[in-house]
There are 2 protein chains.
Amino acid sequence: MRRRGHHTAPVFAALGDDTRWSILVRLGWEPASASELARELPVSRQAIVKHLEVLRTVGLVRTRRSGRSIVHEVEGARLDEVGRNLRGIAAAWDRRLEGIRSIAEERG
Amino acid sequence: MRRRGHHTAPVFAALGDDTRWSILVRLGWEPASASELARELPVSRQAIVKHLEVLRTVGLVRTRRSGRSIVHEVEGARLDEVGRNLRGIAAAWDRRLEGIRSIAEERG
DNA sequence: CGCATGTGCAACGCTGGAGTTGCACAAGGG
DNA sequence: CCCTTGTGCAACTCCAGCGTTGCACATGCG
């Protein structure tokens with residue numbers, strides 16, 4: 001199986017990393033460039049760049065040019081969408097849980 | 001930073017792995033022992049055991065003895081709790097998003 | 001224009017996590 | 001009681017992902 005497809009939700013993987021989470025939080029506060037982030041966070045610029053690439057891939061971050069630097073900012077819509085997805089999953093689990101409970105009860 | 005604390009949410013890491021997701025889904029359908037799961041899924045029993053350990057650690061799976069085998073089953077309450085947490089996070093993001101929007105708008 | 005600053009690219013190191021194999025031990029079931 | 005079946009433990013391989021460093025290239029600011 002060895003983590004190839006991640007058919008479940010690639011977003012979970014993105015959210016699973018601390019650094020990426022930090023970046024996301026930081027960008028949530030205010031848009032910034034890679035170099036800027038590299039100065040504020042305890043990781044190299046390249047690391048930041050790669051994380052931004054991941055975040056951009058899952059659609060959580062958007063890129064925009066400003067002057068000679070490239071500013072990255074949180075993609076509000078996608079953020080909201082992910083939120084809804086999470087809610088959906090929770091709801092599905094609730095339903096599944098309900099099912100499990102029924103079965104358990106009718107067996108008990 | 002190197003993924004040590006995972007202060008964000010250890011659950012995300014658990015949910016990020018495909019095999020673990022499969023196990024969880026399978027157990028959601030019906031409780032099973034490690035050997036049983038190993039027969040049904042394309043991974044060794046030991047791999048299953050380790051994944052179950054992880055799932056048990058984050059509280060998503062509960063363990064129970066039955067005959068000479070150890071049956072693992074989904075922890076309904078925890079499942080529900082995680083669902084609520086996810087909703088909470090989504091809500092927080094919504095609020096944050098709202099904040100970002102306000103700032104963006106007042107900046108013009 | 002030239003220098004400072006930002007980005008792009010490539011190669012590399014390192015660790016953790018996923019998975020495997022092999023064997024020893026435990027304990028019901030017949 | 002024995003043998004089948006299930007679990008426990010340990011050592012090992014493998015690799016994807018995080019992070020680094022070094023250098024080349026781009027570009028705007030003064």
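For clarity, every value in this text was computed on a predicted model and none was experimentally measured. Protein chains get the first letters and strands the later ones, always in sequence-line order, with residue 1 at the start of each.
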Counting only N and O atoms by type, is there a donor-acceptor contact under 3.5 Å from the side chain of B/Arg20 to the main-chain atoms of B/Ala13? yes
Give the table of side-chain donor-acceptor pairs shorter than 3.5 Å for residues 54-68 of chain B, with sequence neighbours excluded, one pair per line with atom names and distance.
| unit_1 | atom_1 | unit_2 | atom_2 | d |
| --- | --- | --- | --- | --- |
| B/Arg56 | NH2 | B/Glu53 | OE1 | 3.4 |
| B/Thr57 | OG1 | B/Glu53 | O | 2.8 |
| B/Arg62 | NE | B/Glu75 | OE1 | 3.3 |
| B/Thr63 | OG1 | B/His72 | ND1 | 3.1 |
| B/Arg64 | NH2 | B/Glu73 | OE1 | 3.1 |

Please tell me which of A/Ser33 and A/Arg68 maps to the more 5' nucleotide of DNA chain C, matching each residue to the nucleotide holding its nearest heavy atom. A/Arg68
If each of A/Gln46 and A/Ser69 is mapped to the nucleotide of DNA chain C with the nearest heavy atom, which maps nearer the 5' terminus, i.e. the 5' end? A/Ser69
Closest to side chain of B/Ser35, choosing from C/dT7, C/dT20, D/dG6: D/dG6
One should read off an interatomic distance between B/Glu40 CD and B/Trp29 CH2, to the nearest 0.5 angstrom, of 7.5 Å
Between D/dG8 atom C1' and B/His72 atom NE2, what is the distance in whole Å? 12 Å
With distance as the sole criterion, do the side chain of B/Arg45 and the base of C/dT20 form a donor-acceptor contact below 3.5 Å? no
Could a donor-acceptor pair under 3.5 angstrom be found where the side chain of B/Lys50 meets the base of C/dG19? yes
Kindly say if B/Thr19 contacts the phosphate of C/dA18, meaning a side-chain N or O under 4.0 Å from OP1 or OP2. no
How close or far is atom C1' of C/dA18 from atom CG of B/Leu55, stated in whole angstroms? 14 Å
Check if the side chain of A/Arg65 and the base of C/dG6 share a donor-acceptor pair of N or O atoms closer than 3.5 Å. no
Spatial distance of atom CZ (A/Arg39) from atom OG (A/Ser35) [nearest 0.5 Å]: 6.0 Å
When you check the phosphate oxygens OP1 and OP2 of D/dT20, does a side-chain N or O of A/Ser44 lie under 4.0 Å from one of them? yes
Separation of A/Ile70 atom CD1 from D/dA26 atom P, in whole Å? 14 Å
Taking for each residue the nucleotide of DNA chain D bearing the nearest heavy atom, is the 5' side occupied by A/Gly67 or by A/Val54? A/Val54
In whole angstrom, what separates B/Ile48's CD1 from D/dC9's C1'? 18 Å
Please give, in whole Å, the distance from C/dG17 P to B/Ile23 CD1? 16 Å
I'd like to know if the side chain of B/Arg45 and the backbone of B/Val49 have a donor-acceptor N/O pair within less than 3.5 Å. no
Taking CG from B/Leu15 and C1' from C/dG17, how many angstroms apart are they, rounded to a whole number? 16 Å
Rounded to whole Å, how long is the line connecting atom CG of A/Leu37 with atom P of D/dG19? 13 Å
Compare side-chain N and O positions of A/Arg39 against OP1 and OP2 of C/dT5 and report whether any pair is under 4.0 Å apart. no
Atom CG of B/Leu41 and atom P of C/dG19: how far apart are they, to the nearest Å? 10 Å
A/His51 side-chain N/O to D/dG19 phosphate OP1/OP2 under 4.0 Å: yes
